[in-house]
Novice: 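Mind looking over this structure? Questions follow.
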There are 2 protein chains.
Amino acid sequence: MELLNAAEYLAALGHESRLSIFRLLVQAGEEGLSAGVIGEQLGLAPATLSFHLSHLARTGLIFGRQQSRFIFYSVDYAVIDTLFAFLLEDCCQGKACLPKTGAVGGAKSRRRMVRAGAAGRPA
Amino acid sequence: MELLNAAEYLAALGHESRLSIFRLLVQAGEEGLSAGVIGEQLGLAPATLSFHLSHLARTGLIFGRQQSRFIFYSVDYAVIDTLFAFLLEDCCQGKACLPKTGAVGGAKSRRRMVRAGAAGRPA
DNA sequence: CTTATATTTCGATAATAATGGAAATATGGA
DNA sequence: TCCATATTTCCATTATTATCGAAATATAAG
């Protein structure tokens, strides 16, 4: 994954409506949801919804399949997986930085096992 | 994590320069990097760099600690961890959707074990 | 106290993104 | 064919974000 692709994915998700759409689709699974159902759930005007759906689809986070008069959108889980790995590539100098996700970014080197200084969070 | 917070984190990461900064800091670990070093690595004008650093810090993805004349920025790994979990909350209807990250979103219910239809990716 | 270095704030400008009404397109059913 | 439904495209408007020079602030060193 290239940096610019990753930034596009993140920017696509970094909007209230699109993130809501994405999460609905994550929960809907492979089957997906039709545009109409999504719009109904989120109360978005058709044009606005379509704008966000095509934004998400153009970047590659979701894809649609036509079925009769409806278009069912689903998330591409593989893209998310790759995105997560990219974000934490060579992370945390080999330490376990992510309790919930476990070993995520380990795709590459994990070099630079340097002793780190204090890093408490100030005001 | 609230939806709006998550959207802010993602929007913050959804910009070439900020994502570059974030990844530098991920790789730098707890010790972090000074603003100057970051700016040098990425070739950003001081004002631009500062704009992005405070954007990232304001949202909470990174934090700075002053040390002598320098300010060292580091990522807050816990926030990222929570963000990943939020993105995949109740994901994929119990299936293993994320090979690299393993069981990520499992914080909540994992209900709706519905049989899903085909979802091949069309043009 | 003066100078040098590190970083931020200010302010103006430029660029990009979001919104939604209205019209267009596509699909299926009567 | 004609109508209803689902979704998208077009277009204009509004809102938000990014950029960076110049000035301000902060910290340390001579």
Side-chain angles (χ1 to χ4, degrees), chain A residues 3-22 24-25 28 31-74 117 122-123, chain B residues 3-22 24-25 28 31-74 117 122-123:
Chain A
L3 188 110
L4 279 170
N5 297 133
E8 272 185 357
Y9 293 134
L10 293 161
L13 291 171
H15 181 279
E16 181 179 4
S17 301
R18 285 191 299 266
L19 182 55
S20 301
I21 292 169
F22 178 84
L24 275 183
L25 293 180
E31 196 175 358
L33 293 175
S34 70
V37 168
I38 297 169
E40 199 178 323
Q41 296 263 333
L42 302 179
L44 295 173
T48 306
L49 174 65
S50 190
F51 171 79
H52 290 308
L53 285 174
S54 33
H55 192 325
L56 287 166
R58 186 162 25 79
T59 61
L61 284 163
I62 72 176
F63 56 94
R65 56 177 226 285
Q66 185 124 15
Q67 185 166 300
S68 170
R69 263 179 300 181
F70 308 89
I71 298 180
F72 282 80
Y73 285 94
S74 314
Chain B
L3 188 111
L4 280 170
N5 297 133
E8 273 185 356
Y9 292 135
L10 292 161
L13 291 171
H15 181 280
E16 182 179 4
S17 301
R18 286 193 298 267
L19 182 54
S20 301
I21 291 169
F22 178 83
L24 275 184
L25 293 180
E31 195 175 359
L33 293 174
S34 70
V37 168
I38 297 169
E40 199 178 323
Q41 297 263 333
L42 301 180
L44 295 173
T48 306
L49 174 65
S50 189
F51 171 79
H52 291 307
L53 285 174
S54 34
H55 192 323
L56 287 166
R58 185 162 25 80
T59 63
L61 284 163
I62 70 174
F63 56 94
R65 57 177 226 283
Q66 183 124 18
Q67 186 166 298
S68 169
R69 262 178 299 181
F70 308 88
I71 298 180
F72 282 80
Y73 286 95
S74 314

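This one's a predicted model, so the numbers in the text were calculated from it and none came from an experiment. Per chain, numbering begins at 1; letters A, B, ... match sequence-line order.
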Novice: Please state how far atom CD in Q67(B) lies from atom P in dT27(D), giving the value in whole angstrom units.
Specialist: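 Between P of dT27(D) and CD of Q67(B): 14 Å.
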Novice: Quick check for you: name the first and last nucleotides of DNA chain C, 5' to 3', having an atom under 4.0 Å from a heavy atom of chain A.
Specialist: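 Under 4.0 Å from chain A, the extent on DNA chain C is dA18(C) to dG28(C).
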Novice: I need the full list of side chain to side chain donor-acceptor pair (under 3.5 Å) pairs touching residues 12-22 of chain A, with sequence neighbours left out, sorted by first then second residue.
Specialist: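 Non-adjacent pairs meeting side chain to side chain donor-acceptor pair (under 3.5 Å): R18(A)-H52(A).
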Novice: Between I71(A) and G64(A), what is the shortest heavy-atom contact and its length?
Specialist: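 The pair with the smallest heavy-atom distance is CG2-CA, 4.1 Å.
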Novice: May I have the step-by-step check of side-chain contact (heavy atoms from CB on, under 4.5 Å) for I38(B) and L25(B), ending in yes or no?
Specialist: CA-CA 9 Å; I38(B) 297 169; L25(B) 293 180; 3.9 Å; yes
Novice: Does H55(B) form a side-chain contact (heavy atoms from CB on, under 4.5 Å) with T59(B)? I'd like the steps, not just the answer.
Specialist: CA-CA 6 Å; H55(B) 192 323; T59(B) 63; 3.8 Å; yes
Novice: Output all residues satisfying side-chain contact (heavy atoms from CB on, under 4.5 Å) with A35(A), sequence neighbours left out; order by chain, then residue number.
Specialist: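 A35(A) satisfies side-chain contact (heavy atoms from CB on, under 4.5 Å) with L49(A), L53(A), Y73(A) once adjacent residues are dropped.
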Novice: Would you mind reading off the distance between R65(A) atom CZ and dA6(D) atom C1', rounded to a whole angstrom?
Specialist: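 In whole Å, dA6(D) C1' lies 15 Å from R65(A) CZ.
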Novice: Are the side chain of S50(B) and the backbone N or O of P46(B) linked by a donor-acceptor pair below 3.5 Å?
Specialist: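 No; zero donor-acceptor contacts below 3.5 Å.
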Novice: I want to confirm an ordering. Mapping R69(A) and S54(A) to their closest nucleotides on DNA chain D, which one lands closer to the 5' end?
Specialist: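 Looking at DNA chain D, the more 5' nearest nucleotide goes with R69(A).
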Novice: If the condition is side-chain contact (heavy atoms from CB on, under 4.5 Å), which residues does Q67(A) pass it with, not counting sequence neighbours?
Specialist: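 Q67(A) satisfies side-chain contact (heavy atoms from CB on, under 4.5 Å) with R65(A), F72(A) once adjacent residues are dropped.
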Novice: Looking at residues at least two apart in the chain, or sitting in another chain, which of them share a side-chain contact (heavy atoms from CB on, under 4.5 Å) with Q41(B)?
Specialist: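 Q41(B) satisfies side-chain contact (heavy atoms from CB on, under 4.5 Å) with L24(B), V37(B) only.
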Novice: Just the rounded figure in Å: distance from P of dA6(D) to CG of L49(A).
Specialist: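 Those two atoms, CG and P, are 13 Å apart.
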Novice: Find every protein N or O atom lying less than 3.5 Å from an N or O atom of nucleotides 16-18 of chain D, and list the pairs.
Specialist:
unit_1	atom_1	unit_2	atom_2	d
dA18(D)	OP1	R18(B)	NH1	3.0
dA18(D)	OP1	R18(B)	NH2	2.8
dA18(D)	OP2	R18(B)	NH1	3.3

Novice: How many Å lie between CG on L44(B) and C1' on dT19(D), as a whole number?
Specialist: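 Value for this atom pair: 10 Å.
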Novice: Pick base, sugar-phosphate or nothing for S50(B), based on heavy-atom distances below 4.0 Å to the nucleic acid.
Specialist: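 Counting heavy atoms under 4.0 Å across all strands, the contact made by S50(B) includes a base.
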Novice: Please name the pair of heavy atoms, one in L19(B) and one in A6(A), separated by the smallest distance, quoted to 0.1 Å.
Specialist: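 Of all heavy-atom pairs spanning L19(B) and A6(A), the closest is CD2-CB, 3.7 Å.
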Novice: Over all strands shown, is S34(B) touching base, sugar-phosphate only, or nothing at heavy-atom distances under 4.0 angstrom?
Specialist: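 Result for S34(B) = sugar-phosphate.
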Novice: Students often get this wrong, so: under 4.0 angstrom with heavy atoms, is A47(A) touching a base, only sugar-phosphate, or nothing?
Specialist: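 Base contact.
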Novice: With a 4.0 Å cut-off on heavy atoms, is Y73(A) in touch with a base, just the backbone sugar-phosphate, or nothing at all?
Specialist: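 Sugar-phosphate: the residue Y73(A), judged by heavy atoms under 4.0 Å, touches backbone atoms but no base.
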